[in-house]
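Here the structure is laid out as structure tokens; the discussion comes afterwards.
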Amino acid sequence: MSSLYLGRLKPDERQALISTLHTTQHGNCFICEQAIDLVVHKDSIDIDHVVPLKVGGKDDPVNFALAHASCNRSKQASHLEVARILHRFNNLKEKLAAENRSPNLGDLLQQAGGGNHTLGFKLSPHEVTFSLSELGDNALRSVPVYADKLSGFRFFFAELPIQYLAHDDHINPRSIGPNISKLVEEFHQKRPQLHVPLAWIKSEGGKSAIHVFDGQHKAAAQIMLGARALPVRVFIDPDPDTLITTNTNAGTTLKQVAFDKSVQRHLGSSLYHDRIQRFRSETGRAEDDLSFSERDLVNHFKGQSKEIKRYILDAVRNGVTSDPSNKLRDYIDFGGRGKESPLSYSTIEKSFYSFFVYQEVLETPINYRAEEGENPRIVECNQILRLMNLIAELIYVDKFDPDVGTDKIESKIQKGEKFKLDHLRAFRMSKEEIVYNWLQLVGQVARTYFITLGKPDPMDRLFQVPFPDQVWENIRKFIENLMDLPLWVNTDLSDTVFGGKQNNGFWKTVFETGRTPQGMQVLTQPLNLIEMIK
Ligand SMILES: [Zn+2]
């Protein structure tokens, strides 16, 4: 909002105000906290209200701050203190992007100087007593211990300094999403927190970190705003398996939290590893024993066979998706709402994982032929990963431009907008119904190799059989030839075949006959796999 006060200042008075603010702010921009040089930035300095006029801020020097004009223009909140906090969060996000991950509560705790102490305590049947000695506060505090009537879980409530809080990324693998900015604004407007974060401790040894596993967004927003202590409900020695299951159900069957599918896979994977441990302890096996099969697990956990089967597949899917060397990741939209990435995670599930992950439980031991490098699940995981990387290199890296994104590309083409051909090709080849069809052909290329040589047909265990180099070469040639087809970059097809969402059968017909089901010629001839691997 424009300032009457600033409007009335003469140039030298304005200069004097700038120089006073510059000194008060130690020479730094109020928003990005980087240096403002009064000479270099002379023409790109803004004076703005810290508290916006529309929420009652004063039009007076006490409410003015200095910022780079660009920072002020791109700020994410009109209140400058909030804008600065969100800017810090963005910096953290960019820093962690280099590690291929997003911030979680643990990162924010660390940034705020928290998460570095364990709490010493004494537990009696009805009370827990603790002190904050690490912070120089030795006063003893006692709070009642309650027991949950139905589950029997014991817990207490306490307000604990952030130094004692830790993020539990096992139970809660989610990172902090962009909606954090709304929560920061909410708390900044002094709205109270309605639900307390949930955490757990281990009572053994009388010393434990407070593992926060739920409510991390609310906790993070308050910590970003400078909260040094938070109220927490702390479970004592809960069964972690039950907590993970509860948290998974909250996100899946109970729909309390909108979990992304990929997060469900991650949790399923954790549950798989927990079930393996439980199986070992319940059957008296050694801690590193892997000489039993997926089938043994399914048989052991009676009444849960459907779940166990899903956990096993989740472990494979999650292993591929979250592998740090996965180059296709950068082109997958995990939230399902973005306009930057060409592939949706749902497409990945319906194509790569549904075609190439063997869907039945294995009868062979989990460590079967692991030392020879021929363990079926490991081979499967590595080969799907290798295929994804090959596809990323051929179609996406340095070709698909996330800044251009995917938003309304076809209708922009129809209005005459031009796109780089590499970008357009990557975009069109990524449509779910199209990937669904050409990726099946990739599978066929691999399978054909074995059949032609008179070897056993791997059928739906295809990716569990190690591919010789020739198979990889055939796949590469097939994809390169597929990419060379003119239709991907033919802008005349924008309002016909690429105009709307077609079904899988539409593209099957196009690839098999060269024509659409309506008879329109799209390819000069049907796809010929034998020709395409030459
Ligand atoms: Zn700045």
Side-chain angles (χ1 to χ4, degrees), residues 1-99 101-104 107-114 175-189 217 220-228 340 402-403 405:
M1 211 178 279
S2 60
S3 159
L4 290 177
Y5 182 96
L6 292 176
R8 281 199 288 259
L9 291 184
K10 299 194 189 79
D12 57 325
E13 289 171 330
R14 185 184 166 91
Q15 212 44 53
L17 175 62
I18 288 182
S19 127
T20 312
L21 291 171
H22 192 256
T23 312
T24 339
Q25 295 175 208
H26 306 289
N28 292 332
C29 166
F30 194 88
I31 298 171
C32 76
E33 304 173 274
Q34 302 291 310
I36 291 183
D37 189 296
L38 292 181
V39 179
V40 178
H41 298 130
K42 181 161 57 76
D43 297 324
S44 51
I45 296 176
D46 274 9
I47 305 175
D48 199 359
H49 301 101
V50 176
V51 185
L53 296 182
K54 61 176 183 220
V55 297
K58 286 192 183 138
D59 189 22
D60 182 280
V62 297
N63 188 34
F64 284 136
L66 218 55
H68 296 114
S70 58
C71 292
N72 199 34
R73 231 173 294 129
S74 61
K75 67 189 170 195
Q76 297 175 71
S78 54
H79 197 298
L80 292 196
E81 281 172 6
V82 179
R84 172 162 62 195
I85 287 165
L86 296 178
H87 195 280
R88 281 183 200 152
F89 181 68
N90 269 0
N91 282 347
L92 180 64
K93 238 164 93 173
E94 277 167 28
K95 199 179 105 197
L96 295 178
E99 298 169 24
R101 63 187 193 92
S102 305
N104 58 32
D107 299 305
L108 282 159
L109 279 167
Q110 198 187 23
Q111 197 183 40
S175 52
I176 289 171
N179 59 350
I180 190 73
S181 60
K182 294 202 187 84
L183 269 175
V184 170
E185 297 235 35
E186 190 76 359
F187 285 120
H188 186 259
Q189 290 172 29
H217 279 80
Q222 294 178 83
I223 292 167
M224 286 160 77
L225 285 162
R228 300 301 296 171
E340 290 167 12
D403 290 335

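All ligand and atom numbering here is 1-based and tracks the order in the structure.
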Could you tell me whether the Zn ion (ligand 1) has an N, O or S atom of C29 under 2.8 Å away?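 Coordinating: yes.
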Between K42 and D37 (salt bridge meaning N to carboxylate O under 4.0 Å), is one present in this structure?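 Looking at D37 together with K42, the answer is no, because their closest N to O distance does not fall below 4.0 Å.
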Presence of salt bridge, D107 and R101, under 4.0 angstrom: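 Yes, this pair counts.
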Nearest 0.5 Å, please: how far is CD1 in I47 from OH in Y5? 9.5 Å
For the atoms SG of C32 and SG of C71, give the angle they form at the Zn ion (ligand 1), rounded to 10 degrees. 110°
Looking only at N, O or S atoms, which one in H68 sits nearest to the Zn ion (ligand 1)? ND1
Do side-chain atoms of N63 reach the backbone of K58 as a donor and acceptor pair under 3.5 angstrom?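 Checking the backbone N and O of K58 against the side chain of N63, a donor-acceptor pair under 3.5 Å is found.
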